[in-house]
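Values below: every heavy atom of this structure, side chains too, minus hydrogens, waters and symmetry copies. Each residue takes its place number in the sequence, starting with 1.
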Amino acid sequence: MGLIGCGSKSEPTTEKTPAPPVGKSATKPVGAPVSDRASNPDGVVLVVEYHHISAKEARWDRSRERFKADIERLYGLGFRPVTLSEYIDGKFDIPKGASPVVFTFDDANPSQLRLLKDGSLDPECGMGIWQAFAKEHPDFQMKASFYVLPTMWGQKSVIEKKVAMLKEWGSELGSHTLTHPQLKKLSDDKVKGELGGAIEMLEKYGQTSPVAIALPFGISPKSPDMLKSFEWKGKKYEMKGALLVGSNPAPAPTNKKFDAFRIPRIQGIEGPLGITYWLDRVEKGEVKPMVK
């Protein structure tokens, strides 16, 4: 994906399995209509992690076909998108009977959100695929949380326009540090520079603090309390939460086990503990998602 080691060595590996049937649960939704589902405030929340959206499946790439199938299947299973901030705050703008799902995109690679020369959204990028689905299913809003790594942020001449589009859709920006280091290996001062510099960059594009962070490699600094608040360049910063790397559903924000600074994610890959694995378990009733 152009950035080696975005995850840890313990993460699941991608298997060469056939793509799930496109439209498996979009044309014929699985289960009861959203409005008929019983409330389940103590269920789990799926926080899904994507990197590249590409022509072919690879370790850090979700193929366009499978990304589309993920969206279709999530919709058919009653999931509706919320941002990470909404999840942390426990405020979901979704229909009664729906389950929240958080789409997270790490690095800010253009394959996630790419504009064509005429300024329109590339239909083959991640958000372009989502947009086509949302036009037919307006209740599946294009709300996601993007964790920006400055060195990967392409199409620099149109960043402001891309940010404006994200805001219009209801999406948000977050931190992925400045250089994607293992924070645990850095001194506290260097950690502050990575965190503060990233937030400073995001504020230039209108993303107000506190922001959440997708931890590089899922690793916290030696002083994990710095993720909550720290001082840098004479200014105090606070953060909203922290995302890990893989590999299981997250607790509901009302659950006593919920920790905003250790939120697990499900990777958008095939194989053990990937998104298809967990959606299969949801469909079989082995995993009970949170239902509004």
Side-chain angles (χ1 to χ4, degrees), residues 6-8 10-12 40-51 70 74 79-94 99-108 143-149 170-177 180 182-184 191 194-195 198-199 202 207 209-221 223-230 237-269 273-275 277-279 281-282 287-292:
C6 199
S8 66
S10 62
E11 295 173 66
N40 181 25
D42 297 323
V44 299
V45 176
L46 304 190
V47 182
V48 189
E49 172 188 357
Y50 291 102
H51 293 84
D70 292 346
L74 284 162
F79 290 92
R80 298 296 182 266
V82 302
T83 64
L84 188 82
S85 292
E86 291 172 331
Y87 160 58
I88 291 174
D89 293 340
K91 298 178 180 178
F92 309 139
D93 184 19
I94 58 176
S99 297
V101 58
V102 183
F103 283 78
T104 68
F105 293 89
D106 286 10
D107 303 335
K143 299 174 73 170
S145 300
F146 290 79
Y147 296 92
V148 177
L149 183 64
S171 292
E172 65 181 358
L173 300 179
S175 168
H176 202 32
T177 72
H180 203 277
Q182 290 192 33
L183 295 177
K184 193 173 184 178
V191 171
E194 287 284 342
L195 302 181
I199 295 174
L202 293 172
Q207 185 64 50
S209 295
V211 300
I213 181 173
L215 293 167
F217 309 98
I219 298 174
S220 296
S223 303
D225 284 347
M226 292 174 61
L227 296 175
K228 298 179 180 180
S229 65
F230 62 95
Y237 290 88
E238 294 183 353
M239 302 192 77
K240 194 173 188 74
L243 292 162
L244 305 177
V245 176
S247 52
N248 54 275
T254 54
N255 190 302
K256 62 181 181 180
K257 295 182 179 180
F258 173 75
D259 182 348
F261 290 87
R262 291 195 60 80
I263 298 174
R265 293 190 282 178
I266 294 169
Q267 294 181 39
I269 61 172
L273 304 183
I275 184 171
Y277 168 87
W278 285 109
L279 290 181
R281 294 195 65 190
V282 170
V287 171
K288 303 292 185 182
M290 181 179 185
V291 180
K292 184 175 180 181

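Between Ser171 and Phe146 there is a side-chain heavy-atom pair separated by less than 4.5 Å. Counting heavy atoms from C-beta on, the side chains of Asn255 and Asp42 never come closer than 4.5 Å. A 4.5 Å side-chain heavy-atom check between Leu279 and Leu46 finds at least one atom pair inside the cut-off. Looking only at side-chain heavy atoms (C-beta outward), Asp106 and Leu149 stay at 4.5 Å or farther from each other. With contacts defined as side-chain heavy-atom distances shorter than 4.5 Å, the pair Asp89/Pro253 does not qualify. With a 4.5 Å cut-off on side-chain heavy atoms, Val45 and Val82 do not count as touching.
In this structure, the side chain of Ser145 engages the main chain of Leu84 through a donor-acceptor pair within 3.5 Å. Side chain of Gln182 to main chain of Ile219: no donor-acceptor pair is present (N/O by atom type, distance under 3.5 Å, no hydrogens or angles). Listed for the Lys292 side chain is a donor-acceptor partner under 3.5 Å among the backbone atoms of Ile94. Side-chain N or O atoms of Trp278 include none that pairs as donor or acceptor with a backbone N or O of Gln267 at under 3.5 Å. For Glu194 (side chain) and Leu183 (main-chain N/O), no donor-acceptor pair under 3.5 Å exists by modelled atom type. Here the side chain of Ser175 pairs no donor or acceptor atom with the backbone of Ile213 at under 3.5 angstrom. Side chain of Ser99 to backbone of Met290: a donor-acceptor contact under 3.5 angstrom is found. The backbone N or O of Ala214 sits less than 3.5 Å from a side-chain atom of His176, completing a donor-acceptor pair.
A pairwise comparison of heavy atoms in Gly274 and Ile266 identifies C-CG2, 3.9 Å as the closest pair. Closest heavy-atom contact between Lys240 and Ala260: O-CB, 3.9 Å. Of all the heavy atoms in Gln207 and Leu173, the pair that sits closest is OE1-N, 3.0 Å. What you find for Pro264 and Pro249 is that their closest heavy atoms are CG-O, 3.7 Å. Closest non-hydrogen pair, Ser209 versus Ile199, comes out as OG-CG2, 3.3 Å. Contact between Ile263 and Ala250 at its shortest, heavy atoms only, is CG2-CB, 4.2 Å.
The distance from the CG atom of Leu215 to the OH atom of Tyr147 is 10.5 Å, given to the nearest 0.5 Å. The NZ atom of Lys91 lies 11.5 Å from the OG1 atom of Thr83; values are rounded to the nearest 0.5 Å. Atom CG of residue Asn40 and atom NZ of residue Lys288 lie 8.5 Å apart, to the nearest 0.5 angstrom. Interatomic distance, CG of Leu195 versus OG1 of Thr177, reported as 8.0 Å (0.5 Å rounding).
Here Glu86 pairs with Lys143 under the salt bridge (charged side-chain N to carboxylate O under 4.0 Å, His left out) rule; sequence neighbours left out. Remark: Phe261 pairs with no residue by the ring pair (Phe, Tyr, Trp, His ring centres under 6.0 Å) rule, at least two apart or across chains. Under the side-chain hydrogen bond (donor to acceptor under 3.5 Å, both in side chains) criterion, Thr104 pairs with Arg265, not counting sequence neighbours. Judged as a ring pair (Phe, Tyr, Trp, His ring centres under 6.0 Å), and not counting sequence neighbours, Phe92 has no contacts. For Arg80, the side-chain hydrogen bond (donor to acceptor under 3.5 Å, both in side chains) criterion is met by Asp139, not counting sequence neighbours. Under the side-chain hydrogen bond (donor to acceptor under 3.5 Å, both in side chains) criterion, Tyr50 pairs with Asp70, not counting sequence neighbours.
Ring pair Phe103/Phe105 is parallel by interplanar angle, where below 30° counts as parallel and above 60° as perpendicular.
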Review point. What do the steps show when you test Phe230 against Val191 for side-chain contact (heavy atoms from CB on, under 4.5 Å), and what is the final call?
Key: CA-CA 10 Å; Phe230 62 95; Val191 171; over 6 Å; no
